[in-house]
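Naming convention: chains lettered A, B, ... in sequence-line order (proteins, then strands); numbering from 1 in each chain.
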Protein chains: 2
Amino acid sequence: MILSKTTEYALSILSYMATRTDEVYSAEYLFNELKIPRSYLRRLLTGLSKFGFIKSSLGRKGGFVFAKDIKEISFYQIINTMEGADAMNTCLLGFSCCIVDHPCVMHDIWMEARSKMINTLSNTTLADLKEKYQQDLLKNLRSI
Amino acid sequence: MILSKTTEYALSILSYMATRTDEVYSAEYLFNELKIPRSYLRRLLTGLSKFGFIKSSLGRKGGFVFAKDIKEISFYQIINTMEGADAMNTCLLGFSCCIVDHPCVMHDIWMEARSKMINTLSNTTLADLKEKYQQDLLKNLRSI
DNA sequence: ATTAAATACTACAAATAGGTGGCATTTTAT
DNA sequence: ATAAAATGCCACCTATTTGTAGTATTTAAT
Ligand code: SF4
Ligand code: SF4
């Protein structure tokens, strides 16, 4: 529901990169496309490299490419990695131990809604995003 | 998924107060029960008054009670009020305008999952919580 | 070789969120 | 009347997140 800006940036970067996986993306290019604050973007990119989503090449003509098949990168993974493990596994109400020593009225309802969302996020990968993007491109071409 | 601590505190306070609506709760009492940092809790309580969820009475024997029927207070309302309007209405990916000028692959899936969650949160009120709490109490008594 | 274009690293600055403490005011009990 | 127990208000402090800037390093083109 509410992701940190950093996580949103990460999703944005990786989603954008996923649309053309053959390309090497420089920080400067991504800055122009995504308008994420320049310096922060650079830090995020090295961060995403360290997390293993992408890898960098140094020097002129250097930049970033995916470090693994984008079929292997789900939205859930990205969010979880960026927000820190278990950010999505805690109680909605933020109670470490439940308020009345047994599940509150929200519990079942919330767990169900949340697990559905987690399923969705787990089952959707950057590859799905790429596919959808390309289909949309085609549709647009046809309608000219 | 990830609510601010402040919102979690608000949920915690109101949920706790909902278990016995006839009582006047002092900040000090709630502090002992909920272990929310004392000074911050006091600020939150006056905040919740301003938002109209509860109302305060001054002086000795003063404290806080609900300002309206708890049937009228949904979890969604609380979260939305505390997080600031529309915190739950923005794109998962945090894009202000979508990355490729048309809905991304996540859109339908995400909107569905989210609207389900919002429905759940909207349809569940503090009154539901109270009811569940009292049923659980009864069950415990019977099993002695 | 030199220069240009890229990332790596790092120390710092700014903004936001979370938390504290003190003093004023109100009400009730004695 | 006075003291005690409560909230209201406010200025400040601390921690975390977000953002900046500069220097060092690597690579490719010339
Ligand atoms: S029972 Fe309620 S408070 Fe406890 S973990 Fe479940 S949703 Fe959270
Ligand atoms: S289309 Fe995708 S990026 Fe746009 S609002 Fe929907 S989920 Fe967000």
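- Here side-chain hydrogen bond (donor to acceptor under 3.5 Å, both in side chains) pairs that include residues 22-35 of chain A, with residues two or more places apart or in two chains, are Tyr16(A)-Tyr29(A), Tyr16(A)-Glu33(A), Arg20(A)-Glu23(A), Arg20(A)-Tyr29(A), Glu28(A)-Arg38(A).
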Using atom types as modelled, flag every donor-acceptor pair under 3.5 Å from a side chain in residues 61-73 of chain A to any protein atom, sequence neighbours excluded.
from	atom 1	to	atom 2	distance (Å)
Asp69(A)	OD1	Lys71(A)	N	2.8

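- Note that CD of Glu131(A) and CG of Leu126(A) are 13.0 Å apart. Values are rounded to the nearest 0.5 Å.
- Remark: Thr6(B) pairs with Tyr40(B) by the side-chain hydrogen bond (donor to acceptor under 3.5 Å, both in side chains) rule, at least two apart or across chains.
- Taking every nucleotide of DNA chain C with any atom under 4.0 Å from a non-hydrogen atom of chain A, the first and last of them, 5' to 3', are dA4(C) to dA11(C).
- Asn80(A) has its side chain out of reach of Leu121(A): every pair of non-hydrogen atoms, C-beta onward, lies at least 4.5 Å apart.
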One pair to check against side chain to side chain contact (heavy atoms under 4.5 Å, CB included): Ile78(B) and Phe51(B). What are the steps and the verdict?
CA-CA 9 Å; Ile78(B) 300 169; Phe51(B) 285 132; over 6 Å; no
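- Along DNA chain D, the nucleotide nearest to Ala27(B) and the one nearest to Leu58(A) differ in position, and the one closer to the 5' end is contacted by Ala27(B).
- In this structure, the side chain to side chain contact (heavy atoms under 4.5 Å, CB included) partners of Ser122(B), at least two apart in sequence or on a different chain, are Tyr76(B), Ile118(B).
- Counting non-hydrogen atoms under 4.0 angstrom, Lys50(B) reaches the backbone sugars and phosphates but no base.
- The footprint of chain B on DNA chain D, defined by a heavy-atom cutoff below 4.0 Å, extends from dA4(D) to dA11(D).
- Checked against side-chain hydrogen bond (donor to acceptor under 3.5 Å, both in side chains), Thr21(B) has the following partners two or more places apart in sequence or in another chain: Lys130(B).
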Assess whether side chain to side chain contact (heavy atoms under 4.5 Å, CB included) is satisfied between Ser74(A) and Gln77(A), documenting all intermediate values.
CA-CA 5 Å; Ser74(A) 70; Gln77(A) 269 173 34; 3.5 Å; yes
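- Gly62(B) comes within 4.0 angstrom of the backbone, heavy atoms only, and of no base.
- Contact check of residues 38-49 of chain A against DNA chain C (heavy atom, cut-off under 4.0 Å) returns Arg42(A), Arg43(A), Thr46(A).
- Ser4(B) and Thr7(B) share a side-chain donor-acceptor pair at under 3.5 Å.
- With the nearest nucleotide of DNA chain D identified for both Lys61(A) and Ser4(A), Ser4(A) has the one nearer the 5' end.
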